[in-house]
Amino acid sequence: QVRLVESGGGSVQAGGSLRLSCVVSGYTSATNCVGWFRQAPGKEREGVAAISTDENNANYADSVKGRFTISQDNAKNTVYLQMDTLAPEDTAMYYCAAAAGLINSGDYCSFSFFVPFGYWGQGTQVTISS
């Protein structure tokens, strides 16, 4: 079992920054792909960024490229999402998720391929005001 706990959400004005954290615990060797997702009220869940935890290969949704950065601290079993130049349309509940199994290549830890994200955190709210 893999457990994920997010933190770092909050309310900021447009143009500001936030850093989300996702602590991964439990059977961490059972997964090597962690992603951040978001869901705004009335909208579908959207993949934001993903990282291959063994190859450190990062992938981003077009909507956040150049503004968001996903990274990891293996010593702390933590994956971060640094969010800069935030806009009101970034307002959403943000979730981190881990793949239920090992991904063969870091290139496949992305939203362009099917990744069985089977472990989910409880989410952290991000609200951006204009």
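In this structure, Tyr27 contributes its side chain and Arg3 its backbone to no donor-acceptor pair below 3.5 Å. Although no hydrogens or angles enter the test, the distance criterion places no donor-acceptor pair under 3.5 Å between the side chain of Gln122 and the main chain of Val5. Glu55 contributes a side-chain N or O that, together with a main-chain N or O of Gly106, makes up a donor-acceptor pair within less than 3.5 Å. Of the possible polar contacts, none joining the Glu6 side chain to the Thr124 backbone as a donor-acceptor pair under 3.5 Å is found. Here the side chain of Gln82 pairs no donor or acceptor atom with the backbone of Thr69 at under 3.5 angstrom.
Put simply, the side chain of Ile51 does not reach to within 4.5 Å of the side chain of Asn57, judged on heavy atoms. Contact check for Arg67 versus Tyr60: no side-chain heavy atoms found under the 4.5 Å cut-off. Taking 4.5 Å as the limit, every side-chain heavy atom of Tyr80 sits out of range of all side-chain heavy atoms of Ile70. Between Leu4 and Cys22 the shortest side-chain heavy-atom distance falls below 4.5 Å. Counting heavy atoms from C-beta on, the side chains of Phe68 and Leu86 come closer than 4.5 Å. Contact annotation: the side chain of Leu20 approaches that of Val126 to within less than 4.5 Å [non-hydrogen atoms, C-beta and beyond].
The distance from atom CG of Asp90 to atom CE of Met83, rounded to the nearest 0.5 Å, is 7.5 Å. Here the CD1-SG distance, from Ile103 to Cys109, works out to 6.5 Å after rounding to the nearest 0.5 Å. Here Tyr108 contributes atom OH and Asn59 contributes atom CG; the two are 12.0 Å apart, rounded to the nearest 0.5 Å. Between Gln125 atom CD and Ser11 atom OG the span is 7.5 Å, to the nearest 0.5 Å. Atom CG of Asp73 and atom OG1 of Thr78 lie 6.0 Å apart (nearest 0.5 Å).
Contact detail for Ser130 and Pro88: the closest heavy-atom pair is CB-CG, 3.9 Å. Considering all non-hydrogen atoms of both residues, Trp36 and Leu81 come closest at NE1-CB, 3.5 Å. Contact record, Arg38 with Tyr94: NH1-OH, 2.9 Å, taken as the closest heavy-atom pair. Listed here is the closest heavy atom pair of Val2 and Tyr119: O-CD2, 3.5 Å. Here the closest heavy-atom approach between residue Ser52 and residue Gln72 is recorded as O-NE2, 3.8 Å. Closest approach of Ala50 to Ser110, counting heavy atoms only: CB-CA, 4.4 Å.
In the hydrophobic clustering of this structure, Trp120 does not group with Val48; members are Ile, Leu, Val, Met, Phe, Trp, Tyr whose side-chain heavy atoms approach within less than 4.5 Å, directly or through other members. Val23 and Tyr95 fall into different hydrophobic clusters, defined by Ile, Leu, Val, Met, Phe, Trp and Tyr side-chain heavy atoms under 4.5 Å apart, directly or through other members.
With ring centers used as reference points, Phe117 lies under 6.0 Å from Phe37.
The closest side-chain donor-acceptor pair between Ser17 and Asp84 falls under 3.5 angstrom.
Counting heavy atoms of neighbouring residues, nucleotides and ligands inside a 6.0 Å radius, atom CZ of Phe111 exceeds 12 of them.
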